[in-house]
Amino acid sequence: MERRRKRLREYLGLFLLGAAGYSLLEVLWRGYTHWTMGVTGGLCLSTLYRVSGAVPGGGTAARCALGSAVITGYELAVGWLVNLKLGWDVWDYSDLPFHYRGQICLLYSTIWFLLSLPIFGLCYLLKSHHRR
C-alpha cells in the first residue's frame, strides 16, 4: 500500500510539474495560455516519464521522435475535443504549413522533437531520484 501511495505522489508531482512547465512555455511563447494546456502538459510529462526507457538502444533521435509523437498526439486529442468539438478556439494552426485541421502541424512537432531531449533528461534525473 505504501508503494502505491509513493507512486501516486510521484505521478501527481510529475503531472503538476508538466502542467506548470507547459503553461509557462505557452506564456513565454505566445503571451497567454489556457487551463487545458496545463492538463495537456501534465499528461505529456507523466507519459514521457513512463516511456522514457522505451527506446533503450534506439539512440537520441528515436527517443526525441517518440517524445514528439507523444506530445503531438496529446495536442491532437485535446485540440479535437476543446477546439473542434467544444468550439473553445484555444489554438488554431490553420495558417501554418503542413497542419492537420489546424490542431497539429509540422513546425510544432519539430519543436516538440527538439524539446524532448531536455524533457527526457529531466525524466532520467527524476527517475534516479525516485529510485533512491
Side-chain angles (χ1 to χ4, degrees):
M1 192 60 145
E2 181 57 35
R3 184 175 169 188
R4 188 178 240 164
R5 282 190 198 138
K6 184 179 177 185
R7 193 81 148 152
L8 181 60
R9 282 192 307 268
E10 178 182 5
Y11 275 91
L12 178 59
L14 286 163
F15 182 88
L16 294 173
L17 180 62
Y22 203 100
S23 297
L24 178 62
L25 276 175
E26 280 253 304
V27 169
L28 292 173
W29 187 261
R30 64 181 192 158
Y32 62 95
T33 192
H34 188 267
W35 67 267
T36 57
M37 295 295 86
V39 173
T40 305
L43 292 170
C44 286
L45 185 59
S46 299
T47 302
L48 292 174
Y49 181 81
R50 179 82 178 166
V51 302
S52 61
V55 190
T60 302
R63 284 192 292 276
C64 289
L66 174 63
S68 178
V70 166
I71 298 168
T72 300
Y74 275 120
E75 268 204 331
L76 180 59
V78 172
W80 177 83
L81 177 63
V82 303
N83 295 325
L84 301 179
K85 291 298 173 196
L86 297 176
W88 291 355
D89 297 322
V90 177
W91 75 88
D92 184 355
Y93 298 150
S94 295
D95 59 337
L96 296 172
F98 306 108
H99 70 86
Y100 177 71
R101 299 192 71 194
Q103 303 312 300
I104 57 173
C105 67
L106 182 59
L107 172 63
Y108 284 97
S109 291
T110 302
I111 291 170
W112 302 138
F113 179 90
L114 297 172
L115 286 176
S116 289
L117 188 60
I119 292 169
F120 277 131
L122 174 64
C123 289
Y124 292 125
L125 285 174
L126 291 172
K127 277 187 177 189
S128 67
H129 172 75
H130 283 285
R131 288 184 187 136
R132 287 190 231 164

Identify the heavy atoms of [X] and [Y] that sit nearest to each other, and give their distance.
X	Y	result
D92	S94	OD1-OG, 2.5 Å
S109	S68	O-OG, 2.7 Å
R30	W91	NH1-CB, 3.8 Å

Please check if [X] and [Y] belong to a single hydrophobic cluster, counting links between Ile, Leu, Val, Met, Phe, Trp and Tyr side chain heavy atoms closer than 4.5 Å.
X	Y	result
L114	I71	no
Y124	V51	yes
L86	L43	yes
V90	L76	no
I119	W112	yes

State the [atom1]-[atom2] distance between [X] and [Y], to the nearest 0.5 angstrom.
X	Y	atom1	atom2	result
S52	F120	OG	CZ	6.5 Å
W80	R101	CH2	CZ	9.5 Å
I104	T72	CD1	OG1	6.0 Å
L106	I111	CG	CD1	10.0 Å

Please tell me if the side chains of [X] and [Y] come closer than 4.5 Å, counting only heavy atoms from C-beta onward.
X	Y	value
C123	Y49	yes
L25	L115	yes
R63	L66	no
L107	Y93	no
L122	L48	no
L117	T60	yes

Enumerate donor-acceptor pairs with a distance under 3.5 Å from any side-chain N or O in residues 13-24 to protein atoms, sequence neighbours excluded.
from : atom 1 : to  : atom 2 : distance (Å)
Y22  : OH     : E75 : OE2    : 3.3
S23  : OG     : A19 : O      : 2.8

For R9, salt bridge (Lys or Arg N to Asp or Glu O under 4.0 Å) partners two or more places apart: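 Once residues adjacent in sequence are excluded, the partners of R9 under the salt bridge (Lys or Arg N to Asp or Glu O under 4.0 Å) criterion are E2.
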Run the side chain to side chain contact (heavy atoms under 4.5 Å, CB included) check on M37 and V78 step by step: do they pass? CA-CA 9 Å; M37 295 295 86; V78 172; 4.1 Å; yes
Return the set of residues passing side chain to side chain donor-acceptor pair (under 3.5 Å) with W29 (not counting sequence neighbours), or none when no residue passes.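 Scan of W29 (side chain to side chain donor-acceptor pair (under 3.5 Å), adjacent residues dropped) gives Y108.
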Does T40 reach the main-chain N or O of T36 with its side chain, forming a donor-acceptor pair under 3.5 Å?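 At least one qualifying donor-acceptor pair exists.
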Atom OH of Y100 with >12 non-hydrogen neighbours under 6.0 angstrom: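 No - once you tally the heavy atoms of other residues, nucleotides and ligands closer than 6.0 Å, there are 12 at most.
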Is the closest basic N to carboxylate O distance between K6 and E10 below 4.0 Å?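 No salt bridge links K6 with E10.
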